[in-house]
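Right, one structure below, let's go through it.
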Amino acid sequence: MSWLWAIIVGLVLGLIAKAILPGKQQVPLWLTIILGMIGSLLGNWAATGLGINETKGIDWGRHLLQLAGAVLVVGVGDRLWVAVRGRNRSGGRHAA
């Protein structure tokens, strides 16, 4: 069940991160989920380091750090995806 929960959290955080980032992101949905999961782990790591990983009630600080991690990871992942896909395409459109 924990893997299912991780996938759901990765999907939600990845989609929110894509909505926050300016412009259109090129990463496919499956990669958005993975990047959202990685961002969530990064946010959890930062929350643990700051000592706010477990609080009474809703863990707003941890959730905001997870979202910030997802925005960072999805943004970097999108740039890498575009760079790799652009380099692997032959005969496609080239940026002027």
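- Summarising the geometry, atom CD belonging to Gln66 is positioned 10.5 Å from atom CD1 belonging to Ile16; distances are rounded to the nearest 0.5 Å.
- Listed by first and then second residue, the side-chain hydrogen bond (donor to acceptor under 3.5 Å, both in side chains) pairs that reach into residues 6-15 come to none, sequence neighbours excluded.
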### Query
Would Met37 and Trp3 count as a side-chain contact (heavy atoms from CB on, under 4.5 Å) if you check the C-alpha gap in whole Å, the side-chain angles of each, and the deciding distance to 0.1 Å?
CA-CA 10 Å; Met37 290 169 65; Trp3 277 106; 4.1 Å; yes
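- Contact annotation: the side chain of Leu35 never approaches that of Leu13 to less than 4.5 Å [non-hydrogen atoms, C-beta and beyond].
- Rounding to the nearest 0.5 Å gives a distance of 11.0 Å between CD1 of Ile38 and CG of Leu72.
- Although no hydrogens or angles enter the test, the distance criterion places no donor-acceptor pair under 3.5 Å between the side chain of Lys18 and the main chain of Val71.
- Between atom OG of residue Ser40 and atom NE2 of residue His63 there is a gap of 9.5 Å, rounded to the nearest 0.5 Å.
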### Task
Might you work through the side-chain contact (heavy atoms from CB on, under 4.5 Å) test for Val74 and Ile20, ending with a clear yes or no?
CA-CA 10 Å; Val74 169; Ile20 290 173; over 6 Å; no
### Message
Apply side-chain contact (heavy atoms from CB on, under 4.5 Å) to residues Leu42 and Leu65 and explain how you reach the verdict.
### Response
CA-CA 8 Å; Leu42 182 65; Leu65 287 170; over 6 Å; no
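- Linking Ile, Leu, Val, Met, Phe, Trp and Tyr whenever their side-chain heavy atoms come within less than 4.5 Å puts Leu21 and Leu67 in one cluster.
- Listed for the Thr32 side chain is a donor-acceptor partner under 3.5 Å among the backbone atoms of Pro28.
- By the criterion of side-chain heavy atoms lying less than 4.5 angstrom apart, applied directly or through intervening Ile, Leu, Val, Met, Phe, Trp or Tyr residues, Val27 is grouped together with Trp30 in one hydrophobic cluster.
- Grouping the Ile, Leu, Val, Met, Phe, Trp and Tyr side chains by contacts below 4.5 angstrom, directly or via other members, places Ile34 with Trp5.
- By the rule that hydrophobic residues join a cluster once side-chain heavy atoms approach within less than 4.5 Å of another member, Leu41 and Leu31 end up as members of separate clusters.
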### Task
Report the C-alpha separation of Ile52 and Asp59 in whole Å, then their side-chain angles, then the decisive distance to 0.1 Å, and conclude whether the side-chain contact (heavy atoms from CB on, under 4.5 Å) test is met.
CA-CA 8 Å; Ile52 60 170; Asp59 295 329; over 6 Å; no
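- Judged by distance alone, the side chain of Asp78 and the main-chain N or O of Gln26 form a donor-acceptor pair under 3.5 Å.
- At a threshold of 4.5 Å between side-chain heavy atoms, the hydrophobic network of Ile, Leu, Val, Met, Phe, Trp and Tyr places Trp45 and Val9 in one connected group.
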